[in-house]
S.K.: 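Before anything else, here's the structure in question.
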Amino acid sequence: MSNRSSKASAKTPGFLEDLNSQQSAAVSQTEGPVLILAGAGSGKTRVLTYRIAYLLANGLADASDILAMTFTNKAAGEMRERVAKLAPDRMAGMWIGTFHSLFARLMRREGERLGYSSNFAIYDESDQLAVLKQVVTDLKLSMQEFSPKMLSYRISNAKNRLALPNDLHEQAETPLDEIVARVYQLYQNRLLELNAMDFDDLLIKPIELFERFPLVAEYYQDKFHYLLVDEYQDTNHAQYILLKILAAKHRNIAVVGDDDQSIYRWRGADIRNILDFEKDYPDCKKYHLEQNYRSTGKILAAAHSVVKNNRQRHPKELWTNKPDGEDVCLLEVENDLAEARIVVNKLIREFKQGPRNFGDFAVLYRTNAQSRVIEEALRSESVPYLIVGGVKFYERKEVKDVLAYLRLLSNPADAISFRRIVNYPARGIGEATINKLEEFARQHHLTIVEALNRASTIDSIQPRIREEISAFAQLISKYTLLKQELSPAELAAALVDEVGIARDLKQEGTLDSINRMENVRELLLAIAEFSAKNGRTSTLDDYLQQVSLTTDLDSLTDRTNAVTLMTLHSAKGLEFPIVFIVGMEEGLFPLSRSITDPPALEEERRLFYVGATRAKEKLYLTWSRFRRRFGDGMQSVPSRFIKELDPETTHLESSLHSVRAERRRPISDDAFDAPMPDYADQSQESNEYRIGMRVMHEIFGKGTILKIDPSGAQAKILVLFDTAGKRRLILPYAKLEIL
């Protein structure tokens with residue numbers, strides 16, 4: 001544009017007065033590379049939006065010259081709204097959005113050069129797996145040995161490394177590598193035939209486009225004079241390369257991020273991108289946003305006392321003009337049930353001291369399965385809650401599936417539960433057959449279970465299908481009789497075992513299936529607790545009634561007036577007046593295998609920092625001396641992060657003593673020296689072993705993980721070694737190195 005200047009010496013908008021000195025300096029440094037290290041709660045979104053408005057107001061750029069990238073649609077929408085308020089009527093033509101949405105937009109313009117029409121489809125995970133199933137079938141491969149999920153992981157990993165099928169073929173060291181390369185090639189060919197891209201392609205294909213068509217790259221390099229990137233610490237290798245290409249001409253790239261909040265290595269995020277920004281751009285200007293507008297002084301000091309132990313970080317320390325506030329409260333409890341009860345009691349007490357809204361509280365945990373006991377404690381006190389980043393425990397698919405079996409045993413007329421489980425696991429009973437069974441039941445005034453038992457008289461159902469229905473009917477009849485002899489816990493455990501739900505989830509061997517299997521085991525534990533609490537006279541009907549009554553929150557008129565439950569990963573970007581972080585134990589937080597992996601351990605420490613800095617006024621940290629996993633009890637020891645806390649910022653309360661512990665009472669070192677339990681890593685956010693991952697064993701050499709069978713301290717892993725064949729190893733002792 002003709003009035004664009006290389007100096008920000010024109011008018012300085014009055015809105016810069018709304019910024020502190022470091023924010024203002026970062027906003028007004030418009031030319032050249034800029035690194036803005038923005039700590040938690042330091043106003044990074046404000047800096048980004050004011051920077052865009054500053055460029056527009058000073059005539060340094062038209063809206064179409066600016067490319068602003070973030071990681072969530074919510075953040076992009078918020079950025080767009082704020083800029084519109086600061087620079088009204090100047091937004092036309094601006095590119096603001098997530099990486100994936102912006103590069104999808106670019107590929108719809110330019111994709112024809114790579115063989116795609118502008119209306120290409122974007123495939124999600126289930127779509128990808130469907131294509132891979134076709135590919136496996138076409139190549140006449142075993143679906144069990146070459147599971148689509150394993151292949152999907154291997155292909156996605158290759159794409160994140162910018163490796164094409166030919167690259168995989170050239171790098172192949174084993175027959176499995178060769179097969180993956182073939183599948184990868186055919187998979188990409190099939191996507192092209194379908195005029196579709198997966199999520200990885202939305203980043204990989206633009207790089208391919210720029211490399212194959214330099215004039216296209218030059219066009220976009222010239223078009224985007226100013227690049228702004230939010231959450232730069234979360235960028236992966238492909239995003240790093242795309243930004244480097246686009247910034248090559250004008251070099252006006254401003255990145256905002258916090259290396260202390262880099263917690264997505266399992267998604268491919270590379271913390272080196274932000275740590276090495278000054279190496280990539282030696283002339284960059286660096287600004288530290290360290291004034292926190294969210295938390296009290298003691299919360300910030302406590303969080304810093306932990307994260308400062310990381311080696312991979314830029315030195316910085318948040319500060320605030322707010323009062324020091326109350327100490328971080330350390331809660332020592334006997335077991336996980338006591339933990340849930342005490343957390344809820346504390347929460348209710350804080351609520352009553354008010355004025356408080358239940359929406360002022362958040363309970364954070366490392367793994368999703370930890371939510372179950374917290375949910376039950378909240379329900380027992382009629383405290384409303386909601387789950388962020390997941391669904392309530394009793395609404396998770398695998399839990400509802402098991403409950404549907406139990407409900408059908410309890411109520412033979414429950415056709416809804418029948419529909420849910422008739423093909424779980426798969427039995428080949430199709431929709432048409434289900435409709436015939438339900439119509440037969442209606443015509444003859446039968447329950448759905450009675451109709452199942454008379455399916456052999458329905459001529460319109462094929463003989464093979466009638467056999468499947470008969471087998472299912474016999475299963476239901478068997479457990480209907482056993483219901484009179486067994487406790488609810490014994491009945492549920494036997495049914496889950498015979499149906500093969502846990503077995504199938506084990507065989508699937510993915511992190512998602514491992515997480516779902518743990519939820520099934522947590523359900524069995526909940527039923528066992530119900531039986532133990534109510535004695536042998538308790539019935540399955542009693543348990544199902546309790547679940548039905550206590551999970552119905554539909555009557556709540558104000559859904560925002562509810563306690564928030566979520567994993568620590570889901571909490572990033574949020575804030576609450578009062579935060580509880582539960583399960584602060586070695587092996588759980590940090591997860592056990594991260595303890596021998598320095599980069600993973602540092603990420604766990606950053607995850608604690610993220611969780612702690614969600615709290616505005618009060619922070620509670622809890623750990624249990626005894627925790628059950630998979631129904632077995634284990635002695636626990638406090639997390640090392642507890643030991644790293646500055647004692648001047650904390651005080652200890654213990655439910656193990658009749659008298660409340662003294663303020664800032666030190667935790668005995670003996671508490672940290674007990675044997676550490678080895679919890680299987682079953683969080684959705686894990687960056688540990690996965691199906692398809694390449695590993696190294698000191699005796700057997702290199703291999704590929706085929707299956708993972710988690711069962712606490714006896715977790716096993718099946719590895720196909722290149723020279724030693726298949727080996728089943730006990731995971732805690734396998735000492736596998738991830739390649």
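Below, all heavy atoms of this structure are taken into account, side chains as well, without hydrogens, waters or symmetry copies. Sequential numbering from 1 along the given sequence is applied to the chain's residues.
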S.K.: How about Gln462: does its CD atom have over 12 heavy atoms from other parts shown lying under 6.0 Å from it?
M.R.: no
S.K.: Can you measure from CG (Leu364) to CZ (Phe580) and round to the nearest 0.5 angstrom?
M.R.: 10.5 Å
S.K.: So, does Asn423 use its side chain to make a donor-acceptor pair with the main chain of Ile429 at under 3.5 Å?
M.R.: yes
S.K.: Under a 3.5 Å cutoff, is there a donor and acceptor pairing between the side chains of Ser156 and Asp200?
M.R.: yes
S.K.: Can you name the nearest heavy-atom pair linking Leu202 to Ala104, along with the distance?
M.R.: CD2-CB, 4.0 Å
S.K.: Please enumerate all residues that pass side chain to side chain donor-acceptor pair (under 3.5 Å) together with Lys478, with sequence neighbours excluded.
M.R.: Glu498
S.K.: Could you tell me whether a side-chain N or O of Tyr479 sits under 3.5 Å from a main-chain N or O of Ala494, the two making a donor and an acceptor?
M.R.: yes
S.K.: Centroid separation under 6.0 Å, is that true for the rings of Phe71 and Phe99?
M.R.: yes
S.K.: For Ile342 and Ser655, work out which heavy atoms get closest and say how close.
M.R.: CD1-CB, 3.4 Å
S.K.: Crowded around Glu439 CD? As in, over 12 foreign heavy atoms under 6.0 Å?
M.R.: yes
S.K.: Distance from Tyr543 atom OH to Leu491 atom CG, nearest 0.5 Å?
M.R.: 12.5 Å
S.K.: Calculate, to the nearest 0.5 Å, the distance between atoms CG and CE belonging to Leu132 and Met150 respectively.
M.R.: 10.0 Å
S.K.: To the nearest 0.5 Å, tell me how far Arg341 CZ sits from Ser380 OG.
M.R.: 10.0 Å
S.K.: Give a yes or no answer on whether the side chain of Ser417 reaches the backbone of Leu408 with a donor-acceptor pair at less than 3.5 Å.
M.R.: no
S.K.: Has the side chain of Asp360 got a donor or acceptor atom that lies under 3.5 Å from a matching backbone atom of Asn357?
M.R.: yes
S.K.: Holding to side chain to side chain donor-acceptor pair (under 3.5 Å), I want the full list of residues that pass it with Asn435, two or more places apart in sequence or in another chain.
M.R.: Arg419
S.K.: Determine, step by step, whether Arg606 and Val610 satisfy the side chain to side chain contact (heavy atoms under 4.5 Å, CB included) criterion, reporting the C-alpha distance in whole Å, the side-chain angles of both residues, the deciding distance to 0.1 Å, and the verdict.
M.R.: CA-CA 6 Å; Arg606 293 193 294 269; Val610 166; 5.6 Å; no
S.K.: Is a side-chain donor or acceptor of Thr137 paired with a backbone partner of Lys133 at a separation under 3.5 angstrom?
M.R.: yes
S.K.: Would you confirm whether Arg379, through its side chain, and Tyr385, through its main-chain N or O, come within 3.5 Å as a donor-acceptor pair?
M.R.: no
S.K.: Checking side chain to side chain donor-acceptor pair (under 3.5 Å) against Ser470, which of Glu467, Arg466, Gln474 comes through?
M.R.: Gln474
S.K.: Do NZ/NE/NH1/NH2 and the carboxylate oxygens of Arg372 and Glu529 come within less than 4.0 Å?
M.R.: yes
S.K.: Check whether any side-chain N or O of Glu339 sits under 3.5 Å from a backbone N or O of Gly583 as a donor-acceptor pair, and report yes or no.
M.R.: yes
S.K.: Hey, does the side chain of Arg614 reach the backbone of Leu574 with a donor-acceptor pair shorter than 3.5 angstrom?
M.R.: yes
S.K.: Indicate yes or no for a side-chain donor-acceptor contact from Ser410 to the backbone of Leu406 under 3.5 Å, with no hydrogens or angles considered.
M.R.: no
S.K.: Between OG1 of Thr564 and CZ of Phe358, what distance do you get to the nearest 0.5 Å?
M.R.: 12.0 Å
S.K.: Strictly below 4.0 Å, N to O, side chains only: are Lys572 and Asp234 in salt-bridge contact?
M.R.: yes
S.K.: Between Tyr365 (side chain only) and Ile581 (backbone N and O only), is there a donor and an acceptor less than 3.5 Å apart?
M.R.: no
S.K.: Please name the residue in the list Val422, Leu446, Leu452 that meets the side chain to side chain contact (heavy atoms under 4.5 Å, CB included) test with Leu437.
M.R.: Leu452
S.K.: Does a donor on one side chain sit under 3.5 Å from an acceptor on the other, for Tyr264 and Glu231?
M.R.: no
S.K.: Starting at CD of Gln128, measure out to CG of Asp198 and round the result to the nearest 0.5 Å.
M.R.: 4.5 Å
